[in-house]
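Just below is one structure, and these are the notes that go with it.
Counting convention: from 1, in listed order, for ligands and their atoms alike. For reference, positions follow the sequence shown, starting with 1.
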Amino acid sequence: MMEAHAGGPSDNESPESNPVVAIDGPAASGKSSVAREVAKALGFVFVSSGAMYRAFTWEVLRRGANSGDRDAVLSVLGETGFQCATSDGAATILVNGADPGEAAHTGEVNANVSTVAAYPEVRKALLVEQRGFAHVGTGVVMEGRDIGTVVFPDTPYKFYVDASPEVRQARRRAQGIEDSVLERDKQDSSRETAPLRQAEDAAVIDSSDLTLGEVVGKVLRLLKEKGLAAASGA
Ligand code: CDP
Ligand code: CDP
């Protein structure tokens with residue numbers, strides 16, 4: 001079922017926000033798979049902030065703009081409306097009424113998304129959408145690059161999921177997707193606005209030698225220790 005985005009504060013996380021579990025990490029570390037499972041176990045909404053950057057990048061490319069041309073990207077941004085909602089426990093995003101679907105994960109989007117995501121104006125627009133989810137459902141699990149550092153710095157539930165560069169590149173290759181994950185990491189870590197980095201208070205999990213289930217179990221155990229229990233009581 002599709003539910004409208006509840007909206008929320010744009011500049012600061014309001015104190016009465018629902019619980020937010022922040023999961024950050026580099027490309028193909030397993031963030032989104034882990035976040036989806038953790039959200040399911042908690043009965044929370046799963047939000048991929050990367051999907052928002054991907055959706056806008058898809059729009060930029062669809063309009064024939066060059067991602068490196070700042071003026072062209074900002075001109076597309078000025079003409080773009082985002083509609084966020086939830087469907088079956090996960091966030092959805094429409095860009096000017098259109099759903100990019102699988103087109104948000106093409107090699108072309110992978111090659112351009114980090115350039116688009118580095119523009120502060122783009123980040124500011126999507127930050128509003130991301131914070132709007134703080135009041136959706138009973139809580140959210142949001143994954144990305146700057147969720148624990150910038151989007152929800154006050155949440156006590158922060159994770160940084162990592163894996164060795166070799167393992168991450170191999171995981172993406174196994175998915176059959178063209179993606180220079182290390183190049184994307186370099187761009188994401190070196191940008192000025194909201195770079196990828198571990199929040200000081202994040203629990204760091206190296207998933208190189210762990211299965212998805214083991215990482216999910218670890219996250220749920222740490223959340224339980226902090227008083228956030230899975231819906232099943234597990
Ligand atoms: O899942 P994957 O690691 O392939 O990437 P993603 O989470 O879908 O994010 C795609 C890109 O969006 C990243 O490489 C970043 O450039 C950007 N992004 C960001 O800048 N900040 C976020 N919170 C999430 C994604
Ligand atoms: O969201 P992110 O790019 O960080 O990673 P993902 O899309 O969740 O995971 C990339 C691939 O690695 C998927 O095919 C996962 O099933 C796989 N994976 C894995 O093999 N072992 C893990 N511990 C985590 C993810």
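Nearest protein heavy-atom contact of atom 17 (C) of ligand 1 is A117 CB, 3.8 Å. Looking at atom 7 (O) of ligand 2, its nearest protein heavy atom turns out to be S32 OG, 3.4 Å. The protein heavy-atom contact nearest to atom 23 (N) of ligand 1 is D146 OD1, 2.8 Å. Considering only non-hydrogen protein atoms, atom 24 (C) of ligand 1 sits nearest to S49 OG, 3.3 Å. Annotation: atom 10 (C) of ligand 1 to nearest protein heavy atom, R184 NH1, 3.5 Å. Among all non-hydrogen protein atoms, the one lying nearest atom 21 (N) of ligand 1 is R123 NH2, 3.0 Å. In this structure, the protein non-hydrogen atom closest to atom 4 (O) of ligand 2 is K31 NZ, 2.7 Å. At the shortest separation from atom 18 (N) of ligand 1 among protein heavy atoms lies Y53 CD1, 3.6 Å. What sits closest to atom 9 (O) of ligand 1 on the protein, heavy atoms only, is G50 CA, 3.5 Å. Of the protein's non-hydrogen atoms, the one nearest atom 16 (O) of ligand 2 is S33 OG, 4.1 Å. For atom 5 (O) of ligand 2, the closest heavy atom belonging to the protein is G30 N, 3.1 Å.
Between R173, E37, R171, Q175, it is R171 that holds the heavy atom closest to atom 19 (C) of ligand 2. For atom 3 (O) of ligand 1, the nearest non-hydrogen atom from the set R145, R54, E143, Q187 belongs to R145.
Taking CZ of R197 as the start and CG of D146 as the end, the distance is 9.5 Å to the nearest 0.5 Å. Rounding to the nearest 0.5 Å places CD1 of I147 at 10.5 Å from CD1 of I23. Atom CG of residue L74 and atom OG1 of residue T80 lie 10.5 Å apart, to the nearest 0.5 angstrom. One distance of note links OG of S208 with CZ of R168; it measures 8.5 Å at 0.5 Å rounding. Taking CZ of F152 as the start and CZ of F133 as the end, the distance is 9.5 Å to the nearest 0.5 Å. The distance from the CD atom of Q130 to the OG atom of S48 is 9.5 Å, given to the nearest 0.5 Å.
Listed by chain and number, the residues in a side chain to side chain donor-acceptor pair (under 3.5 Å) with D201 are K158 (sequence neighbours excluded). A118 is linked by a side chain to side chain contact (heavy atoms under 4.5 Å, CB included) to R191, counting only residues two or more places apart in sequence or in another chain.
Side chain of K226 to backbone of P156: a donor-acceptor contact under 3.5 angstrom is found. Side-chain N or O atoms of S67 include none that pairs as donor or acceptor with a backbone N or O of V116 at under 3.5 Å. A donor-acceptor pair is defined here as one N or O able to donate and one able to accept, closer than 3.5 Å; no such pair exists between the side chain of N66 and the backbone of A72.
Residue A28 approaches ligand 2 through these ligand atoms, each under 4.0 Å from one of its heavy atoms: 2 (P), 3 (O), 4 (O), 5 (O). Annotation for ligand 2: atoms under 4.0 Å from non-hydrogen atoms of R172 are 3 (O), 7 (O), 10 (C). Counting the atoms of ligand 1 from 1 in the order shown, those under 4.0 Å from a heavy atom of V113 are 11 (C), 12 (O). The ligand atoms of ligand 2 that sit less than 4.0 angstrom from a heavy atom of L212 are 22 (C), 23 (N), 24 (C), 25 (C). Applying the 4.0 Å criterion to heavy atoms of S114 picks out, from ligand 1, the atoms 14 (O), 16 (O). Under a 4.0 Å criterion applied to the non-hydrogen atoms of D188, ligand 1 contributes the atoms 13 (C), 14 (O), 15 (C), 16 (O). Per-residue contacts place G144 under 4.0 angstrom from the following atoms of ligand 1 (heavy atoms of the residue considered): 23 (N), 24 (C).
Residue contacts with ligand 1: R191 is included, with a non-hydrogen atom under 4.0 Å away.
Residue contacts with ligand 2 for T211 involve N, CA, C or O but no side-chain atom from C-beta outward (heavy atoms, distance under 4.0 Å). The proximity of E214 to ligand 2, defined as any non-hydrogen pair under 4.0 Å, does not occur for either the backbone or the side chain. Contact annotation for L210 and ligand 2: only backbone heavy atoms (N, CA, C, O) come within less than 4.0 Å of the ligand. In P26, the part holding a heavy atom less than 4.0 Å from any atom of ligand 2 is the backbone.
Of the charged side-chain nitrogens involved, none lies within less than 4.0 Å of a carboxylate oxygen, so that E225 and R221 do not count as a salt-bridged pair. Using a 4.0 Å cut-off between charged side-chain N and carboxylate O, E121 and K124 make no salt bridge.
In this structure the side chain of R54 reaches within 4.5 angstrom of the side chain of N110, judged on heavy atoms.
Under the salt bridge (charged side-chain N to carboxylate O under 4.0 Å, His left out) rule, D179 has a single partner from R184, R171, R173, which is R184.
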